[in-house]
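Numbered from 1 within each chain, the chains take letters A, B, ... in sequence-line order. Note that the structure is predicted; figures quoted are calculated from it, not measured.
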There are 2 protein chains.
Amino acid sequence: MKLSKTEEQLMQHLWKLEKAFMKDILEQYPEPKPATTTIATLLKRMTDKGYVSYKTFGKSREYYPLIKKADYFSKHVNGLIKNFFNDSASQFASFFTKETNLTKEELEDLRKLIDNEIKKK
Amino acid sequence: MKLSKTEEQLMQHLWKLEKAFMKDILEQYPEPKPATTTIATLLKRMTDKGYVSYKTFGKSREYYPLIKKADYFSKHVNGLIKNFFNDSASQFASFFTKETNLTKEELEDLRKLIDNEIKKK
DNA sequence: AATATTACTCTACAAATGTAGAATATAAAT
DNA sequence: ATTTATATTCTACATTTGTAGAGTAATATT
């Protein structure tokens, strides 16, 4: 089962922190911070969904993500690609290059990167 | 307000058809087709959200999208980028290039494309 | 004209989501 | 030991989503 938007946001924090207690997580949120119980609910749901686990340390828990950001993201984009571009990554790439406002520098970096990838093949 | 997953799917059909009557839309769905009323509900919601409009033709309506696929998609990806890559499109691009399995040919096409974009700047 | 078909609206309802209070447990501070 | 702060669970509730039946209107078919 997929994560909801809010849960995804929480995941971002977990990915960033790698592991975190409730208080660490709360710290990540800007004002107005959500209620502790809100986060707790989310964490519970995410745990149920199998995305998060934790180690119990005395009274409280140290939460950590069970899925790597890259993996999660990968699935995500692939869904996007499937949905919008008949499953063609290259079609997506082309679209992406045209439609996002990359600066000249960024485009050049990207080209270098692609060159490298090509060499690897 | 954003479209839900199912609504997005319906949008895909509308984008493809450009304009369509209920029956045309239903045709697009594979078996088991959803109930007509289901589609009708979705269309209504999408109309309320401002994504779809229609011309009345006697008894029924010819629906059409109010937003271009490219525009919708663009926002979509930008959200993704914002969420996962601290708003850095280039970071996203790099990730994307590495993580999706583009063939050598596709990569080369992509590079050409990027070259073109660079020239435009 | 009578009947069958189709489109649309209204209503409904279960599941998922966003949000958080109340109650409880536990640890930390005094 | 008593008070205080914090974490967790339970419960709750409004909103959104997925799905569709019942009812109604209009059109096409016989």
- Task: Sugar-phosphate means primed atoms, P, OP1 and OP2; the rest is base. With that split, encode nucleotides 25-30 of chain C 5' to 3' as B, S or - using protein heavy atoms under 4.0 Å.
- Result: -SS---
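The ring-ring contact (aromatic ring centres under 6.0 Å, His included) search around Tyr64(A) returns none, not counting sequence neighbours. For Thr36(A), the side chain to side chain contact (heavy atoms under 4.5 Å, CB included) test picks out Met22(A), Leu26(A), with sequence neighbours left out. Listed by chain and number, the residues in a side chain to side chain donor-acceptor pair (under 3.5 Å) with Lys120(B) are Glu117(B) (sequence neighbours excluded). Taking the side chain to side chain donor-acceptor pair (under 3.5 Å) definition, one finds that Lys75(A) meets it with nothing, sequence neighbours left out.
Other members of the hydrophobic cluster containing Phe21(A), listed by chain and number, are Phe57(A); membership follows side-chain contacts under 4.5 Å among ILVMFWY residues, whether direct or relayed. Applying the 4.5 Å side-chain rule to ILVMFWY residues, one finds that Leu17(A) remains a lone member of its cluster.
Residue Asp48(A) contributes atom CG, which lies 14 Å from atom P of dT8(D) at whole-angstrom precision. Rounded to whole Å, atom P of dT6(C) lies 19 Å from atom CD of Glu62(B). Between the C1' atom of dT17(C) and the CE atom of Met46(A) lies a distance of 13 Å, rounded to the nearest Å. At whole-Å resolution of the value, CD in Glu8(A) and C1' in dG18(C) are 15 Å apart. Between the OH atom of Tyr51(B) and the C1' atom of dT16(D) there is a distance of 14 Å, given to the nearest Å. Following rounding to the nearest Å, Lys2(A) (NZ) and dT16(D) (P) show an atom-to-atom distance of 19 Å. Counting to the nearest Å, the C1' atom of dA7(C) and the OH atom of Tyr54(B) are 12 Å from each other. One atom, NZ of Lys5(A), and another, P of dG18(C), lie 9 Å apart when rounded to the nearest Å.
Contact annotation for Lys49(A): backbone-only contact, meaning every heavy-atom pair under 4.0 Å involves sugar-phosphate atoms and none involves a base.
Within a heavy-atom distance below 4.0 Å of DNA chain C, the residues of residues 33-45 of chain A found are Pro34(A), Ala35(A), Thr37(A), Thr38(A), Thr41(A), Arg45(A). Within residues 18-27 of chain A, the residues approaching DNA chain D are Met22(A), Lys23(A), by heavy-atom distance under 4.0 Å.
Regarding contacts with the backbone of dT19(C), every side-chain N or O of Tyr29(A) stays at 4.0 angstrom or more from both OP1 and OP2. Applying the 4.0 Å criterion to OP1 and OP2 of dG18(D), one finds that Thr6(B) has a side-chain N or O inside that range.
If you check the side chains of Tyr72(B) and Glu8(B), you find a donor sitting under 3.5 Å from an acceptor.
Of the candidates Lys104(B), Glu106(B), Lys112(B), Glu108(B) forms a side chain to side chain contact (heavy atoms under 4.5 Å, CB included) with just one, namely Lys104(B). With Tyr63(A) as reference, Tyr54(A) is the one residue of Tyr54(A), Tyr51(A), Trp15(A) to meet the ring-ring contact (aromatic ring centres under 6.0 Å, His included) rule.
End-to-end axis angle of the helix from dA1(C)-dT30(D) to dT30(C)-dA1(D), using five pairs per end and rounding to 10°, comes to 0°.
Pairs of residues two or more places apart, or lying in two chains, that qualify as side chain to side chain donor-acceptor pair (under 3.5 Å) and include a residue from residues 39-50 of chain B are Glu7(B)-Lys49(B). Under the salt bridge (charged side-chain N to carboxylate O under 4.0 Å, His left out) criterion, no residue pair touches residues 27-42 of chain A, with sequence neighbours excluded.
Under a hydrophobic-cluster definition in which Ile, Leu, Val, Met, Phe, Trp and Tyr are linked whenever side-chain heavy atoms come within less than 4.5 Å, directly or via other members, Leu66(B) and Leu10(B) are assigned to different clusters.
Within 6.0 Å of NZ in Lys121(B) there are more than 12 heavy atoms belonging to other residues, nucleotides or ligands. Within 6.0 Å of NZ on Lys2(B) lie more than 12 heavy atoms contributed by other residues, nucleotides or ligands.
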